[in-house]
2 protein chains.
Amino acid sequence: MALSRLNTFTTKSSLFRQLPQNAKCLSNLILGEPSGPSVKTPIPGPKSKEMISELNTIQFANTVIYFTDYNKSIGNYIVDVDGNVLLDVYTQISSLPLGYNHPDLLKVLQDPDNQRTFINRPSLGLFPGQGWPQKLTSSLLSVAPKGHSQVTTMACGSCSNENAFKAAFMWYRNKQRGGAPITEEENTSCMMNVAPGSTPFTIMSFKGGFHGRTIGVLSTTHSKAIHKLDIPALDWPIASFPRYKYPLEEFAEENKAEDRKCLAEVEEEFERFNKSGRYVAGVVIEPVQAEGGDNHASPEFFQELQRITKKNGAALIIDEVQTGGGATGKYWCHEHFHLPEPADFVTFSKKMLTGGYYSLPEFRPQQGYRIFNTWMGEPSKVLLLDKVIEVIKRDNLLSIVQASGKKLMDGLMDMSKRYPQHVKNVRGIGTFCAFDSSSAEKRDEIVAKLKEKGIQSGGCGDLSLRIRPALVFQPYHADIFLEKFEKVLKKIKTV
Amino acid sequence: MALSRLNTFTTKSSLFRQLPQNAKCLSNLILGEPSGPSVKTPIPGPKSKEMISELNTIQFANTVIYFTDYNKSIGNYIVDVDGNVLLDVYTQISSLPLGYNHPDLLKVLQDPDNQRTFINRPSLGLFPGQGWPQKLTSSLLSVAPKGHSQVTTMACGSCSNENAFKAAFMWYRNKQRGGAPITEEENTSCMMNVAPGSTPFTIMSFKGGFHGRTIGVLSTTHSKAIHKLDIPALDWPIASFPRYKYPLEEFAEENKAEDRKCLAEVEEEFERFNKSGRYVAGVVIEPVQAEGGDNHASPEFFQELQRITKKNGAALIIDEVQTGGGATGKYWCHEHFHLPEPADFVTFSKKMLTGGYYSLPEFRPQQGYRIFNTWMGEPSKVLLLDKVIEVIKRDNLLSIVQASGKKLMDGLMDMSKRYPQHVKNVRGIGTFCAFDSSSAEKRDEIVAKLKEKGIQSGGCGDLSLRIRPALVFQPYHADIFLEKFEKVLKKIKTV
């Protein structure tokens with residue numbers, strides 16, 4: 001297995017060889033954006049503090065960073081209730097495709113023809129509205145990963161993965177049945193949660209992975225203990241995800257060996273679980289482990305994983321909830337991996353506004369009401385997504401992501417040379433970038449000091465800082481970020 | 001345990017003793033509603049059929065009943081793309097509080113101040129918007145079940161229950177710890193899904209119950225095999241839910257005995273699971289088992305269940321996803337039960353537009369990010385809910401539900417006497433009504449023939465038909481339903 005394409009994760013990547021000619025790198029994509037951040041008060045400011053303590057009487061509110069003025073926030077800038085204006089490179093945990101108050105999205109809401117879509121939420125599995133197939137086609141299917149023609153909508157990332165798992169279990173059992181009909185014993189036993197109707201099937205996941213927080217997908221989440229503590233878990237197979245040494249060029253051999261080690265674990269887990277009758281029906285993996293610390297793996301790792309998964313008769317479920325929707329410079333991060341065949345499932349949410357998954361035709365349920373719930377997603381989200389995709393295409397936003405990503409990566413690499421004690425292991429695709437600090441405390445200090453300088457960023461993993469701007473983040477925004485970042489780095493003490 | 005209040009489920013109920021003086025029973029609540037249904041084509045009609053086959057190229061579409069024209073649907077009437085107008089007593093699986101295109105909801109969308117709420121979806125756990133605590137207070141908290149001051153929003157019913165379970169597990173483990181800090185072993189073990197960090201805790205559920213379809217809550221769902229088949233399940237305790245004989249007055253002793261039998265099972269399951277160390281942290285139950293067949297239980301059953309649950313140190317989780325929001329004539333169905341103490345959790349979704357749960361203060365998480373996800377519900381849903389609650393209060397809709405419910409129940413009781421072979425075991429609270437047919441086939445025939453007459457209803461359980469109109473369903477709508485229903489009954493063959 002060659003590791004030749006591993007350098008797609010470096011600034012020398014082939015991705016950036018041809019800088020887009022059509023990127024509107026220096027023009028404003030959103031009118032009314034401020035020229036830069038401005039911070040007036042400590043953050044959270046006095047008004048935010050008051051509101052936090054008010055909210056805290058209703059629910060646990062200690063995670064709130066500040067209260068936001070969503071009327072004033074615009075484009076890449078989030079404005080808090082104390083009047084502080086921050087350049088947002090975190091964007092609601094990477095869930096805003098076009099930043100705040102994008103004029104085209106506002107127009108969708110202002111159109112009387114659209115307003116009814118927001119107040120008549122259908123049960124999509126029973127009573128879809130006129131034009132629904134066309135809306136799915138012009139939005140989700142127009143950006144489907146290569147080879148995909150089937151899409152199922154859901155409300156959020158967790159239930160997208162939950163339902164992909166369920167579809168994989170049904171498909172696997174159906175293969176096992178070999179055409180035999182469902183037995184009465186299966187029907188009665190599943191009602192009491194026992195075999196043969198309830199299967200002993202499993203989903204393989206990876207250390208450091210994050211696939212959501214409902215109990216099924218939480219069993220495949222292994223990013224932070226606080227997400228999982230005290231909750232019962234399904235004892236399903238868990239393999240190691242590669243942990244590379246950076247810069248990649250210097251550690252090519254070590255990283256290749258790391259790939260091999262992890263893939264061997266995958267094979268071992270398949271053998272161990274399949275032998276014991278706890279068949280592995282699917283393997284779920286993120287193209288970049290985001291919540292777990294922006295851990296990247298090589299295209300060859302993913303290619304080989306697909307081969308092993310297929311060999312073992314399981315489904316490959318690629319979780320693009322955080323990576324999907326354009327931030328890597330392609331609609332889907334796994335498109336960078338040039339997999340020999342389409343992934344069996346590609347799940348999405350966040351920047352796609354609606355949750356859901358693409359799946360190959362063989363994963364269609366065989367009966368009604370098996371992949372089903374009251375709402376099955378929501379047409380108003382797909383209506384907004386339709387406009388988002390139109391804007392991405394019209395404004396060449398993927399090219400802008402590539403250009404801004406190069407700027408960010410060049411800048412971060414430069415910082416890692418000049419401030420090696422604070423900026424390590426720089427990695428990224430498009431604007432989906434991160435680096436490690438020397439400790440969790442230092443990372444948190446950088447996030448806090450960036451906020452003082454008017455930059456909203458976020459942590460991930462044990463000691464990483466992740467950058468997750470919207471798709472309207474242009475190279476000059478990257479300049480602003482880097483300028484503030486350097487000011488922060490100068491103030492961080494080494495010890 | 002007395003069963004004196006069991007007759008709240010009959011037409012002689014004390015609920016209806018005082019008919020509301022202020023119910024606008026004969027006025028139109030929504031301008032522009034047609035005077036009655038009109039059916040022009042077989043359903044699904046030719047246009048619907050074409051669209052179904054189009055959708056079927058994109059996803060499994062065999063559950064679709066017809067395509068709907070949501071611009072033309074109004075109030076209690078759903079209009080399909082072939083121009084058929086049906087009186088809707090199913091309302092998108094009981095999820096529309098005010099029917100279609102309610103003018104007050106449309107005004108919410110037309111207000112420019114509100115439009116931004118629909119395009120700036122925040123990560124509510126980090127960056128809530130200005131006015132969020134007030135919005136929670138004026139909407140969700142203004143109708144909170146007695147004794148509840150805490151509310152957490154979620155996206156849908158399944159994740160509301162999943163998170164209530166999680167909060168119950170954390171609370172239970174915290175009690176077990178008795179103030180001791182979380183150990184390093186707990187933190188590391190939970191990352192690999194094993195003890196002690198991952199607990200062996202369980203949630204008790206009831207045969208016939210429905211609590212959602214993600215893998216955790218699906219383990220507590222026992223309504224239909226097709227929902228559960230092939231999916232791995234957690235081996236958690238399951239007790240019997242009362243199955244009464246009707247009319248209740250005639251079978252008071254038998255039904256009391258049924259309560260005792262089921263409660264004894266609850267006690268046995270507590271003992272069996274707690275003894276084996278698989279502690280029961282919570283008991284989840286619907287006030288009326290809806291999906292499972294509209295199975296009712298007496299107030300005394302619920303009062304005693306609360307006592308047993310408390311005695312065993314577990315949390316009582318009342319799932320009001322389908323029963324909540326007003327259809328029973330109160331905001332929350334369990335308010336009819338006069339429980340000695342507030343329920344520990346009350347979960348909701350559907351008619352509440354947002355998912356979520358109320359919980360007592362002792363169930364607040366002790367640390368951040370434990371009950372958390374990217375979105376944590378959505379302000380735009382709470383904005384709409386705020387208006388829905390305002391309209392419910394302004395138009396006295398709960399009184400109308402009570403009056404329409406009485407009309408429905410009286411009519412159904414009458415039918416059960418005149419068509420006893422087709423209409424059995426009539427039961428209901430408010431407009432939340434149902435009856436049994438003689439078989440699944442006969443039930444399906446009634447639903448199909450009702451549709452031909454312009455009534456959209458729905459089945460539940462093995463042989464029940466459920467009536468789930470919106471809160472704007474008035475007594476004269478009930479008359480229309482009953483008139484069409486009788487026409488159908490006259491045509492159904494007995495054998």
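These numbers come from a predicted model, not from an experiment. When reading the values below, keep in mind they use all heavy atoms of this one structure, side chains included, and skip hydrogens, waters and symmetry mates. Residue numbers begin at 1 in each chain, while the letters A, B, ... track the order of the sequences.
For the residue pair B:R370 and B:N163, no side-chain donor N or O sits within less than 3.5 Å of a side-chain acceptor on the partner. With hydrogens and angles left out, the side-chain atoms of B:T374 and A:K350 include a donor and acceptor closer than 3.5 Å. Under the 3.5 Å distance criterion, with hydrogens and angles disregarded, no donor-acceptor pair is assigned to the side chains of B:T152 and A:Q59.
One N or O on the side chain of B:S160 and one on the backbone of B:G356 form a donor-acceptor pair closer than 3.5 Å. With B:E162 contributing its side chain and B:G216 its backbone, the two residues share a donor-acceptor pair below 3.5 Å. A donor-acceptor pair under 3.5 Å is formed between the side chain of A:H222 and the backbone N or O of B:M191. No donor-acceptor pair closer than 3.5 Å links the side chain of B:S158 to the backbone N or O of B:G212. In this structure, the side chain of B:T202 does not engage the main chain of B:P237 through any donor-acceptor pair within 3.5 Å. A donor-acceptor pair under 3.5 Å links the side-chain atoms of B:S219 to the main chain of B:L234, judged by distance alone. No donor-acceptor distance shorter than 3.5 angstrom exists from the side chain of B:E378 to the backbone of B:A155, with no hydrogens or angles considered. A donor-acceptor pair under 3.5 Å is absent between the side-chain atoms of B:S198 and the main chain of A:P232, judged by distance alone.
Note on A:I52, A:V64, A:N161: by heavy-atom pairs under 4.5 Å with chain B, the leading option is A:V64. For the set A:Y66, A:Y90, A:F201, the entry with the most heavy-atom pairs within less than 4.5 Å of chain B is A:Y66. Of the residues considered (A:R364, A:E54, A:Q367), A:R364 shows the highest number of contacts with chain B, using heavy-atom pairs under 4.5 Å. Between chain A and the options B:Q110, B:R173, B:Q150, heavy-atom pairs under 4.5 Å are most frequent for B:Q150. Between chain A and the options B:N373, B:L106, B:L384, B:L105, the largest number of non-hydrogen pairs under 4.5 Å is found for B:L106. Among A:Q176, A:Q366, A:Q134, the residue with the largest count of heavy-atom pairs under 4.5 Å with chain B is A:Q134. Counting heavy-atom pairs under 4.5 Å between each of A:H102, A:M192, A:K207 and chain B puts A:M192 at the top. Chain A forms more heavy-atom pairs under 4.5 Å with one residue of B:L98, B:D69, B:N62, B:N71 than with any other, namely B:N71. Options A:C159, A:G197, A:G157 differ in how many heavy-atom pairs under 4.5 Å they form with chain B, and the most are formed by A:G197. Note on B:T153, B:I215, B:N193: by heavy-atom pairs under 4.5 Å with chain A, the leading option is B:N193. Ranking B:K47, B:H227, B:E186, B:K381 against chain A, the residue ahead of the rest is B:K381, based on heavy-atom pairs under 4.5 Å. Of the residues considered (B:L126, B:D235, B:I93), B:L126 shows the highest number of contacts with chain A, using heavy-atom pairs under 4.5 Å.
Neither the backbone nor the side chain of B:K72 comes within contact range of chain A; no heavy atom of the residue lies under 4.5 Å from a heavy atom of that chain. Contacts of B:R177 with chain A are made by side-chain atoms alone, with heavy-atom separations under 4.5 Å and no backbone atom involved. Using a 4.5 Å cut-off between heavy atoms, B:N101 contacts chain A through both its backbone and its side chain. No part of B:I371 comes within reach of chain A, as not one of its non-hydrogen atoms sits under 4.5 angstrom from that chain. The parts of B:T63 that come within reach of chain A are both its backbone and its side chain, each placing non-hydrogen atoms under 4.5 angstrom from that chain. Heavy atoms closer than 4.5 Å to chain A are found in the side chain of B:L141, but not in its backbone. For B:V151, the parts lying near chain A are the backbone and the side chain together; criterion is any non-hydrogen pair under 4.5 Å. For a residue to count as touching a neighbouring chain, one of its non-hydrogen atoms must lie under 4.5 Å from one of that chain's; by this rule B:E291 does not touch chain A. Both the backbone and the side chain of A:N56 come within less than 4.5 Å of a heavy atom of chain B. B:L136 touches chain A through its side chain: at least one heavy atom from C-beta onward sits under 4.5 Å away, while N, CA, C and O do not. The part of B:S223 that comes within reach of chain A is its backbone (N, CA, C, O), which places non-hydrogen atoms under 4.5 angstrom from that chain. Using a 4.5 Å cut-off between heavy atoms, B:S73 does not touch chain A at all. Looking at A:I78, the atoms closer than 4.5 Å to chain B (heavy atoms on both sides) all sit in the side chain, from C-beta outward. For a residue to count as touching a neighbouring chain, one of its non-hydrogen atoms must lie under 4.5 Å from one of that chain's; by this rule A:T57 touches chain B with the backbone only. Only the side chain of B:L96 comes within less than 4.5 Å of a heavy atom of chain A; its backbone N, CA, C and O stay farther away. Contacts between B:L55 and chain A at a heavy-atom distance below 4.5 Å involve backbone atoms as well as side-chain atoms.
In this structure, B:F363 and B:W171 have tilted ring planes: the angle between them lies in the 30° to 60° band. Relative ring orientation between B:Y100 and B:Y70 is described as tilted, the plane-to-plane angle lying within the 30° to 60° band.
A side-chain contact (heavy atoms from CB on, under 4.5 Å) with B:L383 is found for one member of B:V388, B:L353, B:N114 and no other, namely B:N114.
Between B:F169 and B:Y172, the ring centre distance reaches or exceeds 6.0 Å.
Atom CZ of B:F372 sits in a crowded spot, with more than 12 heavy atoms from other residues, nucleotides or ligands closer than 6.0 Å.
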